[in-house]
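Here's the structure we're looking at; comments come further down.
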Number of protein chains: 2
Amino acid sequence: MIDISAHGLSPGELLARRLATASAPYRARPEELGVFGPTTHLGAGGEIIPAGRGPGAPKLLVSGVAGEVRALGDGRRQILRLRLPGDLLYACDYEAVVALGRAHVADARPFLQALNDPGAPAGLRRAWLALGQADQDMLRDQLVRLGRMTASERVAHFLLETHHRLGHLGLTDGDTFHLPATQEVLSDLIGLSVVHLNRTLQALRRSELISLRNGRVEVLQREALIDLCDWRPVGPPSPAATSEAEVAGA
Amino acid sequence: MIDISAHGLSPGELLARRLATASAPYRARPEELGVFGPTTHLGAGGEIIPAGRGPGAPKLLVSGVAGEVRALGDGRRQILRLRLPGDLLYACDYEAVVALGRAHVADARPFLQALNDPGAPAGLRRAWLALGQADQDMLRDQLVRLGRMTASERVAHFLLETHHRLGHLGLTDGDTFHLPATQEVLSDLIGLSVVHLNRTLQALRRSELISLRNGRVEVLQREALIDLCDWRPVGPPSPAATSEAEVAGA
DNA sequence: CGCTCATTTGATTGTTATCAAAAGAAGTGG
DNA sequence: CCACTTCTTTTGATAACAATCAAATGAGCG
């Protein structure tokens with residue numbers, strides 16, 4: 001299985017893949033995307049961008065998973081959204097951006113400079129805007145998950161979304177993907193208690209809709225999962241999505 | 001009480017007020033903000049911008065309240081966020097923007113043209129960006145409300161936020177404001193059933209933290225409400241906020 | 001007045017959180 | 001390689017919270 005905390009892709013290659021699978025796709029040559037410096041390594045809980053210190057340097061998440069974490073005084077916390085490799089991490093006013101496991105980040109300023117260069121291709125800008133739009137749309141999906149979905153719907157919806165996102169990066173292996181996050185992290189992401197998330201996962205496993213252990217997730221019955229939570233992809237379909245759907249539906 | 005469905009402000013005046021109370025305030029002369037055409041009137045449920053028809057003309061919400069509504073097939077729906085006068089309404093991919101009561105909207109293209117004019121003052125652009133940032137921040141607050149707050153916390157947090165937003169527009173009357181939305185709408189906004197919202201409101205009334213009837217909301221014990229849900233204002237403090245806080249705390 | 005829509009109430013069920021503890025995995029240092 | 005610690009997952013029992021169903025009351029409107 002592809003380990004998303006330690007895949008072998010360079011920052012430029014990652015970004016190129018994202019841009020190529022945006023809803024306004026753009027095939028970038030590596031040198032268009034700026035020259036990235038060395039990547040920094042962080043352990044679980046490492047603060048990538050601290051909260052509320054104004055706009056620092058945006059970072060590119062190269063490997064691993066991260067999240068924007070809001071703490072609520074008493075123990076509660078909400079992870080606003082899951083950030084995956086290829087995502088750009090900006091400073092937030094009230095949330096720290098935190099590595100949810102081992103992660104690598106790179107300074108994203110070279111890329112942003114390349115993007116804002118007057119000579120940058122229009123297609124590149126369009127693709128970037130399309131990715132930003134997809135990000136917004138996923139945030140809306142997250143609102144609906146938290147506001148109106150039951151526990152099993154939330155889990156199904158979240159897993160389908162994550163599979164889809166990783167598929168765009170070529171980081172899935174058919175219906176299987178790597179999700180290096182503890183159940184505690186996932187529970188804070190989708191607004192459930194750890195215990196209840198655990199039981200919900202077990203129920204989905206018993207129904208043979210998914211399989212999950214050790215951060216390895218397999219979507220066993222795609223169509224059934226989609227029916228369960230009424231998921232629909234944000235942005236363009238995943239590269240291998242149609243064939244997968246046919247197999248799952250057969 | 002000021003009726004936000006029928007206040008007397010012109011589009012330009014509304015926008016000027018918002019810009020003047022952004023975290024990067026800008027005092028606009030009316031003619032800088034473009035020439036608005038006539039406003040359109042809508043009744044409750046009127047579709048201001050239909051879902052998923054690509055980017056149409058953005059509208060300025062002049063009076064009344066609106067919301068981005070996601071329907072879930074079975075009866076469930078989630079209103080992603082509440083839009084108030086002075087908000088710009090854009091097309092969404094999966095949500096319709098709907099008037100939640102009587103509302104007036106105006107074509108916002110003249111304003112956007114004025115904003116994008118190369119000769120537009122830098123301060124105007126900065127203020128506009130600051131408003132956009134505040135919008136993002138409120139969306140994040142909404143995520144936390146839905147994901148991690150109890151019913152009474154959600155209600156308290158939402159009411160404080162709304163009071164704050166209307167305060168910036170000069171549409172509050174001290175601790176009182178007008179919120180022309182049914183409990184059903186509010187319940188879909190903060191992710192509760194109507195019945196439970198109703199009971200939660202009653203509890204808050206019994207505790208004399210708020211008073212609410214006929215769309216007239218009064219914040220009776222501001223400090224206590226803030227303590228209850230750990231609310232903090234997005235963007236700059238409301239024009240009258242400090243003095244109000246002193247009174248409430250006394 | 002009679003209609004419709006919104007709010008409120010009561011009773012009940014279902015879902016999810018919480019508490020406490022056991023079992024299992026994974027890393028650490030000897 | 002093992003003993004130890006620590007973190008994560010799992011289980012059970014219980015309580016709190018919120019949804020649902022059904023119906024009554026109240027408010028606004030033609």
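In the text below, chain A, chain B and the rest are named by the order of the sequence lines, each starting its count at 1. This one's a predicted model, so the numbers in the text were calculated from it and none came from an experiment.
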For this session: Calculate, to the nearest 0.5 Å, the distance between atoms CD1 and CG belonging to A:Ile210 and A:Asp175 respectively.
Result: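 Result: 12.5 Å between the selected atoms.
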
**A:Thr150-A:Glu153 side chain donor-acceptor pair, cut-off 3.5 Å** =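 Yes, a side-chain donor-acceptor pair sits under 3.5 Å.
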
Please determine, by modelled atom types, if A:Gln142 and A:Arg145 share a side-chain donor-acceptor pair under 3.5 angstrom.
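Yes, A:Arg145 and A:Gln142 have a side-chain donor paired with an acceptor closer than 3.5 Å.
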
What integer distance in Å separates [X]:[atom1] from [N]:[atom2]?
X	N	atom1	atom2	answer
A:Arg102	D:dC7	CZ	C1'	14 Å
B:Leu201	C:dT8	CG	P	8 Å
B:Leu204	C:dT8	CG	P	13 Å
A:Arg216	D:dT8	CZ	C1'	19 Å
A:Leu179	D:dT8	CG	C1'	15 Å

query = Between the two end axes of the helix from C:dC1-D:dG30 to C:dG30-D:dC1, each built from 5 base pairs, what angle do you get to the nearest 10°?
reply =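 For the helix from C:dC1-D:dG30 to C:dG30-D:dC1, the axes at either end differ by 40°.
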
Item checked: Charged N-O contact under 4.0 Å between A:Arg81 and A:Asp135 ->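 Looking at A:Arg81 and A:Asp135, the cut-off is met.
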
Open item on the list: Whether A:Arg165 and A:Asp87 form a salt bridge (side-chain N of Lys/Arg under 4.0 Å from carboxylate O of Asp/Glu) is what I want to check.
Closed with: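 Salt bridge: yes.
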
At a cut-off of 3.5 Å, list every protein nitrogen or oxygen paired with a nitrogen or oxygen from nucleotides 12-21 of chain D, distance to 0.1 Å.
unit_1 : atom_1 : unit_2   : atom_2 : d
D:dG12 : N7     : A:Arg199 : NH2    : 2.3
D:dA13 : N6     : A:Arg199 : NH1    : 3.4
D:dA18 : OP1    : B:Ala151 : N      : 3.0
D:dA18 : OP2    : B:His196 : NE2    : 3.0
D:dA18 : O5'    : B:His196 : NE2    : 3.3
D:dA19 : OP1    : B:Ser193 : N      : 3.4
D:dA19 : OP2    : B:Ser193 : N      : 2.9
D:dA19 : OP2    : B:Ser193 : OG     : 3.1

[X] side-chain N/O to [N] phosphate OP1/OP2 under 4.0 Å:
X	N	result
A:Asn198	D:dT10	yes
A:Gln202	D:dT11	yes
B:Asn214	D:dG28	yes
B:Gln183	C:dT8	yes

| Are there more than 12 heavy atoms of other residues, nucleotides or ligands under 6.0 Å from atom CZ of A:Arg17? |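 Yes, because the 6.0 Å sphere around CZ of A:Arg17 holds more than 12 heavy atoms from other groups.
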
- Which heavy atom in B:Leu169 sits nearest to a heavy atom in B:Arg18, and how many Å separate them?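 In terms of heavy atoms, the two residues are closest at CD2-CG, 3.3 Å.
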
>> Test your reading of the model: is there a side-chain donor-acceptor pair from B:Gln78 to the backbone of B:Leu189, 3.5 Å cut-off?
In response: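 Between the backbone of B:Leu189 and the side chain of B:Gln78 there is a qualifying donor-acceptor contact (under 3.5 Å).
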
* Does any pair with a residue in residues 88-101 of chain A pass salt bridge (Lys or Arg N to Asp or Glu O under 4.0 Å), and if so which ones, sequence neighbours excluded? ->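 Qualifying pairs, neighbours excluded: A:Arg70-A:Glu95, A:Glu95-B:Arg140.
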
